[in-house]
Amino acid sequence: MTQNDRFLVYGASGSQGDAVAQLLVQHGFEVRTITRNEETAKTLKEQNIEAFIGDLSDVEQLHTAHGGASEVFLPGYLTMAFWLTRYQQTSRSPGLA
């Protein structure tokens, strides 16, 4: 890792993600996250964390948030939520498996 690395931290409004995001900011790294709540986004921005409004089903926002990120922190509980969301999206879309 170098100081030029940009981290995308999922779950930065929760206990695991928040602890990781705060530690990275304290060590001078750029940190960004995705949150569903505008008030949370405002609080994160005040802590020098770039916050995007969206969720795991918002593919465009995920692409935007990942842009330029060299590292990603994804807590285990979000991994399950991500794959369940993707399964629900693809199972409703004809021709996608």
Side-chain angles (χ1 to χ4, degrees):
M1 286 187 294
T2 69
Q3 291 301 107
N4 294 327
D5 287 342
R6 177 182 288 162
F7 287 79
L8 174 61
V9 177
Y10 283 88
S13 61
S15 58
Q16 278 185 352
D18 177 59
V20 170
Q22 294 303 323
L23 187 64
L24 290 168
V25 168
Q26 288 172 11
H27 283 85
F29 292 102
E30 286 186 53
V31 179
R32 54 173 46 178
T33 190
I34 298 175
T35 182
R36 294 175 296 227
N37 183 297
E38 288 189 35
E39 194 61 36
T40 301
K42 186 185 296 185
T43 300
L44 291 167
K45 288 177 184 178
E46 291 168 357
Q47 299 169 8
N48 295 320
I49 297 171
E50 184 179 8
F52 294 87
I53 306 293
D55 62 33
L56 294 176
S57 65
D58 188 343
V59 176
E60 279 190 42
Q61 198 64 286
L62 290 174
H63 282 288
T64 302
H66 276 262
S70 55
E71 309 290 337
V72 176
F73 174 78
L74 181 64
Y77 67 91
L78 283 178
T79 305
M80 177 62 83
F82 174 78
W83 288 113
L84 287 174
T85 300
R86 297 299 300 152
Y87 173 76
Q88 290 170 350
Q89 287 176 342
T90 58
S91 65
R92 286 189 233 141
S93 303
L96 297 176

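Computed from a predicted structure; not experimentally measured.
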Cluster overlap Phe73 with Leu23, hydrophobic side-chain contacts below 4.5 Å
no
Could you list the residues that satisfy side-chain contact (heavy atoms from CB on, under 4.5 Å) with Lys42, not counting sequence neighbours?
Glu39, Glu46
Thr40: what forms a side-chain contact (heavy atoms from CB on, under 4.5 Å) with it, not counting sequence neighbours?
Ser13, Thr35, Asn37, Leu44
Please report the shortest heavy-atom distance between Gly17 and Val9, naming the atom on each side.
O-CG1, 3.5 Å
About how many Å separate NZ of Lys45 and CD of Glu38, when rounded to the nearest 0.5 Å?
8.5 Å
Give me the ring orientation class for His66 and Tyr10: parallel if the planes are under 30° apart, tilted from 30 to 60°, perpendicular past 60°.
tilted
Applying side-chain hydrogen bond (donor to acceptor under 3.5 Å, both in side chains), can you list everything that pairs with Thr43, at least two apart in sequence or on another chain?
none
Supply the atom-to-atom distance Leu74 CG to Gln16 CD, rounded to the nearest 0.5 angstrom.
10.0 Å
Is there a path of hydrophobic side-chain contacts, each under 4.5 Å between heavy atoms of I, L, V, M, F, W or Y residues, that connects Phe52 with Val72?
yes
Test of understanding: with side-chain contact (heavy atoms from CB on, under 4.5 Å), list the residues that count as partners of Asn48, not counting sequence neighbours.
Val25
Looking at CG of Asp18 and CD of Gln22, how far apart are the two atoms once the value is rounded to the nearest 0.5 Å?
5.0 Å
Taking side-chain hydrogen bond (donor to acceptor under 3.5 Å, both in side chains) as the definition, give me every residue that meets it alongside Glu50, ordered by chain and number, with sequence neighbours left out.
Arg32
So, the side chain of Thr33 versus the backbone of Ala51: is there a donor-acceptor pair under 3.5 Å, distance only?
no
